[in-house]
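Following: one structure in structure tokens, then a few remarks.
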Amino acid sequence: MTEMTMVQALNAGLRRAMESDPRVLLMGEDIGPLGGVFRVTDGLQKDFGEQRVVDTPLAESGIVGTAVGLAMRGYRPVVEIQFDGFVYPAFDQIVTMVAKHHYRSGGITPMPIVIRIPYGGGIGAVEHHSESPEAYFAHTPGLRVLTPGDAAEAYVTIQQAIACDDPVIYLEPKRRYWDRVEVDDVSAISGGPWTSRVLRQGIDVTLVGYGPMVRTMLEVAEAATEEGWDCSVIDLRTLSPLDLDPVFDDVRRTGRCVVIHEAPTVLGIGAEVAARVMKECFFHLEAPVERVGGAFIPYPPNRYEKHYLPTADRILDAIEQVMSA
Amino acid sequence: MTEMTMVQALNAGLRRAMESDPRVLLMGEDIGPLGGVFRVTDGLQKDFGEQRVVDTPLAESGIVGTAVGLAMRGYRPVVEIQFDGFVYPAFDQIVTMVAKHHYRSGGITPMPIVIRIPYGGGIGAVEHHSESPEAYFAHTPGLRVLTPGDAAEAYVTIQQAIACDDPVIYLEPKRRYWDRVEVDDVSAISGGPWTSRVLRQGIDVTLVGYGPMVRTMLEVAEAATEEGWDCSVIDLRTLSPLDLDPVFDDVRRTGRCVVIHEAPTVLGIGAEVAARVMKECFFHLEAPVERVGGAFIPYPPNRYEKHYLPTADRILDAIEQVMSA
Amino acid sequence: MTEDFVQLLTPNGEFRPHLDYPLEPDADLLRALYRDIVLTRRNDVESTALQRTGELGLWCPVLGQEGIQVGAGHAMRRDDYGFTTYREVGLFQVRGVDPVELLQLYRGNSHASWDLTRVGLGLFTIVIGSHALHSVGYAMGIQRDGADQAVLSCFGDGATSTGDVHEAMVFAATYAAPVVFLVQNNQWAISVPVSRQAHAPLVQRAAGYGIPSVRIDGNDVLAGLAVTRVALDHAREGGGPTFIEAMTYRRGAHTTSDDPTRYRAETEVEHWAALDPLDRLTRYMESAGALDEAFVASVQAEADAMGERIRGAIRGMPDPDPVGMFNAVYAEPHPQVEADRQAFIAASTGQLP
Amino acid sequence: MTEDFVQLLTPNGEFRPHLDYPLEPDADLLRALYRDIVLTRRNDVESTALQRTGELGLWCPVLGQEGIQVGAGHAMRRDDYGFTTYREVGLFQVRGVDPVELLQLYRGNSHASWDLTRVGLGLFTIVIGSHALHSVGYAMGIQRDGADQAVLSCFGDGATSTGDVHEAMVFAATYAAPVVFLVQNNQWAISVPVSRQAHAPLVQRAAGYGIPSVRIDGNDVLAGLAVTRVALDHAREGGGPTFIEAMTYRRGAHTTSDDPTRYRAETEVEHWAALDPLDRLTRYMESAGALDEAFVASVQAEADAMGERIRGAIRGMPDPDPVGMFNAVYAEPHPQVEADRQAFIAASTGQLP
Ligand SMILES: Cc1ncc(C[n+]2csc(CCOP(=O)(O)OP(=O)(O)O)c2C)c(N)n1
Ligand SMILES: Cc1ncc(C[n+]2csc(CCOP(=O)(O)OP(=O)(O)O)c2C)c(N)n1
Ligand SMILES: [Mg+2]
Ligand SMILES: [Mg+2]
């Protein structure tokens, strides 16, 4: 048990994955001597060499496209995209090749590629450095999408993502990079990576979120007690596949549900969760599922972000809304 | 009034738009002497010249990226992407620049670009020629998304899309390209392009769809009468913005709703429609909203497509489902 | 078209040895090349016919480009690896792709039908240019394995405009990856002439990356073989990438859905027909005494048998089992796919979900 | 670094006229260049300081690259158009972007703060390389207008690896668009040296597209001016694109968030400091008698005033009105945005939606 930031936990997780499988290699811009702009790969090139920690030219399609070839050759590339907003030049390689290759090959060639993307806002960054592209990937058959809620999760799930024979879009909530928690040096998390996790059980309303919203939800649940509301908190953890059975179970008890994410509400993960919850818990719902997400605007300049992001206040409003229905 | 195929209607609509505004120009692969692989631009280069009907190099990011520059210069480029599956190399330019430029510029420079994409399946095509990418675009603030249900719609809405100062992803349901209908030579459609349209009003269940599903829904509604079910049919027409008020009004009467599209059900347009209908019509619904969409698999080889696509049978099953709830 | 290119076999069938690209074509080699061209051409004819009768949804004719394809195929070692487009039917032939396997794709039974580990060819990507990057990545894997192999990466003149081909050249140069880029400049990308993709000869692109390059006569199977072999050996020995531009011509339509009369003159096609790769090989073999009647007849018989086999296998080939479409979406179980599969099975057996 | 480049002003401040790039620098011109470099440098210093004190979220230092930027800026006519990255502070200065306008971006008040129609500069795109295509499209528009204008398209050495820059070169060559590509090869893309982006000199890339190219001393403001002017004139006159590689150096960190000690040696920085663009201009002006004390003092005073104005405007600049974030998402009304705006207003005024 050590206390670690999420950055340190990811670094340690990558290191363990590289130690245990020589076919794991890292690729990306500035991941070598610099250790990545967030230092997630700090020290790894020094220890594993330039063949396994590959500083690439500035070309995202090139990075993901060569990773595809490496995977065909039996390697397990872990790609770092420097920021969320820079993944789109690689979008064709991701949805056309990474996602489909195993299917196209009739099951002969898997694509064990992990694409790490620091995502989300809240750090006062310039444009293109605060986006939440998860819905694009979760809508794409052939991809898996994981996002850790804290350092302990990150340490384990990054290793599990690398061990998985399918391609995994691994979304790192960058504003939680520097949060410290106790990290256990074990090789599994409860339920495995492709499950959601219930962090708190309440009786009034079920809060559902992931990534950067995990901490926010826990804080909101605390604050809500002051209003006399007892909240469940569920971290989805995996966005593809979605593991909603625990959500359904919980909502069948609480009768109320609020889904939260930073991405635009329209067609965000919350749309799918709401549609499914309302279908599966139709006769248990006391109020329609509320969604708290981004307005239908591009990520705004950062002086606006405290108004754009799902804050505790906005979530509490939504809770009040479902409680008063 | 003339009977036209959708291809002819689009051709005529493009011609009229070019005649009425010299700043309109067409760009794409094989749109010149060949007239496009579907012949939508047939004859236009001959009549408007190479400066206004531009055969481009084979580079989708290049096409859309230069269209951005042309739009900044005051032109109104209409881009043809040859098939749905080839839009992804341009994805970065679309979501990063086309969608955001007006916002980034603080409202100074609009992006009146239309990106025409033949989409959807049902024509027995090879891989990457049958996809339905609409959710990616409809989730992206800054874009508008239109899709015509028949030739008459196509003739008018393509002109309206070109006249719009915002970027429009114009999705052409390729399997309806050769359907003939009466096309009126007027310059408006009822309600304008950014509205959905009620094609049929029933009392039992509301069918909601768009593009290739419009004809399918009408056929299903006919077939359903034999089972004694009286269906409403609503063509969404615009996927961004979504115009759901007519849907809510109808569902408040019928109490039942089925949403249909070819794209994967997970995070498809149906997710948003279901979430919104269930929220807005919570106390009117007799059954959860049903979604009939693509399975969570890549578009399969075409010998499977009759099993993959939302057929009348599958939609009738869904109607039965909501009717028996 | 410039004449400044490597040619070992003139259109008249004269053999002109080349100092930089040594080749001593013995009768066995010539016969093997001849056979592969003839069988490729027959595959083309049969497949076109099957498309016309509705047995296939589409076909991409190769007529005119068999020289470079068969030559390059023979330059590869068995354990080299190739990445192609839809057009490299000659390479499929050399590498041992069964035409029936291939045609399942055009029939719509499968997305990509060969066992890519057996034939050593990646699945072709229809999204133009994207596989150039896969080639380089695969070659980077070879480097890391310390293996004595190289990668052949084929694409068309149109593909050179794509960002992915550029990034592939950048990565290949940066890592000195053992890959040979082979552009078949067949003068057209559907209806768009190569002059719209490039103002300068494509072969010149390579120098900008520090990649050596050479332009060859793509209708000359011997040049294709000799030059590609040197390039692959160079790559295998750690010399890094090479870029080959093979000047050739797509004499047929782009695909069976295309109508080339809309955009090009018949005279152009005739010009290139006179430069046919099989004709010149035949002339040379005749003059060299390497083509006897018995051999010609045996290849003919083999082609006939292949044609019959293709027709027999494809005509009326049953549709695949519908539930198969849910297979292999993921390598590990994915609950959403499983749920959809179960719902599909339930619906097909008449149960409501 | 090769010395094979165009240089008009040696590091010692000697002027060496160049036959192909004629320039007769009179005192007025020299003073204007001097002033713009000094003000650019001051802007850099002030902005860095404001970032350090938390008034700005980020700043991208320009130290070392002012020569080419100010030179190229002066080569542009008023009605030419430019596309830049974040780094072209010298060009912003020449084109009349108010530093306070610019800094609103780094403060987080706006995404792009200048009036792009007034200064004739497109908004810079942070997604590397993508604006190269906008440049070409804009130039295609100039062609269609039959206008007597040209476009300057600036990007870095790292950007040359992107597919978009390649496609921009392809389109520019194909349509002979009136655009000048100006690469500032400052030797680094964050921590990645240019040797990882390119094995051959970047200037060589252009020939592959049939685009003329030239490498210049990027720390020589006069070469930057003379060469860019010839290229822009050439483009304006219908001669098509040119590619300029300016050899220079990013002496500061990539951004204020960066730590260059992790990846490069101080000696390298010192080497380039000795080649400083302002030093050599100063030397030349002194020897040419174009730099008197009064002028130096007046520029200094102007810089001081500018610094004061920047600090005054940025320090404690209020946050924008929150509701403003809903503005200008679309040019025409979009019901979803309006609904979200209304919900936001309702929530901020304490009403439940
Ligand atoms: C990214 C992308 N854009 C467009 C297409 C449609 N398309 C298919 S083949 C082709 C032309 C390819 O030309 P070239 O690379 O010269 O190969 P050739 O067909 O001549 O062998 C085009 C435009 C595609 N498959 N992929
Ligand atoms: C597509 C994309 N990928 C990555 C980044 C992150 N990034 C910002 S600047 C930069 C380096 C740019 O180098 P160069 O083009 O040489 O310009 P310079 O900063 O040296 O002026 C990188 C990798 C980005 N902005 N866009
Ligand atoms: Mg071609
Ligand atoms: Mg640089």
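Throughout, protein chains are lettered first and strands after them, A, B, ... in sequence-line order, and every chain is numbered starting at 1.
Neither the backbone nor the side chain of Leu242(A) comes within less than 4.5 Å of any heavy atom in chain C. Only the side chain of Thr96(A) comes within less than 4.5 Å of a heavy atom of chain C; its backbone N, CA, C and O stay farther away. For Asp92(A), the part sitting under 4.5 Å from any heavy atom of chain C is the side chain, from C-beta outward, and nothing else. Contacts of Gln51(A) with chain C are made by both backbone and side-chain atoms, with heavy-atom separations under 4.5 Å. Both the backbone and the side chain of Thr125(C) come within contact range of chain A, each with at least one heavy atom under 4.5 Å from a heavy atom of that chain. Contacts of Asp164(C) with chain A are made by side-chain atoms alone, with heavy-atom separations under 4.5 Å and no backbone atom involved. Both the backbone and the side chain of Met325(C) come within contact range of chain A, judged by heavy atoms closer than 4.5 Å. Of the two parts of Ala339(C), neither the backbone nor the side chain holds a non-hydrogen atom closer than 4.5 Å to a non-hydrogen atom of chain A. For a residue to count as touching a neighbouring chain, one of its non-hydrogen atoms must lie under 4.5 Å from one of that chain's; by this rule Val329(C) touches chain A with backbone and side chain alike. Of the atoms belonging to Ala59(A), heavy atoms from both backbone and side chain fall under 4.5 Å from chain C. Contact of Glu338(C) with chain A is not made at all, since no heavy-atom distance falls under 4.5 Å.
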*Output, in order, the C-alpha distance, side-chain angles, deciding distance and verdict of side-chain hydrogen bond (donor to acceptor under 3.5 Å, both in side chains) for Gln149(C) and Arg73(A).*
CA-CA 12 Å; Gln149(C) 293 165 270; Arg73(A) 180 77 190 181; 2.8 Å; yes
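Between chain A and the options Ala139(C), Gly163(C), Ala331(C), Ser130(C), heavy-atom pairs under 4.5 Å are most frequent for Ala331(C).
Across all their heavy atoms, Tyr330(C) and Pro141(A) have their closest contact at OH-C, 3.8 Å.
Under a 3.5 Å cut-off, the side chain of Glu332(C) and the backbone N or O of Asp165(A) do form a donor-acceptor pair.
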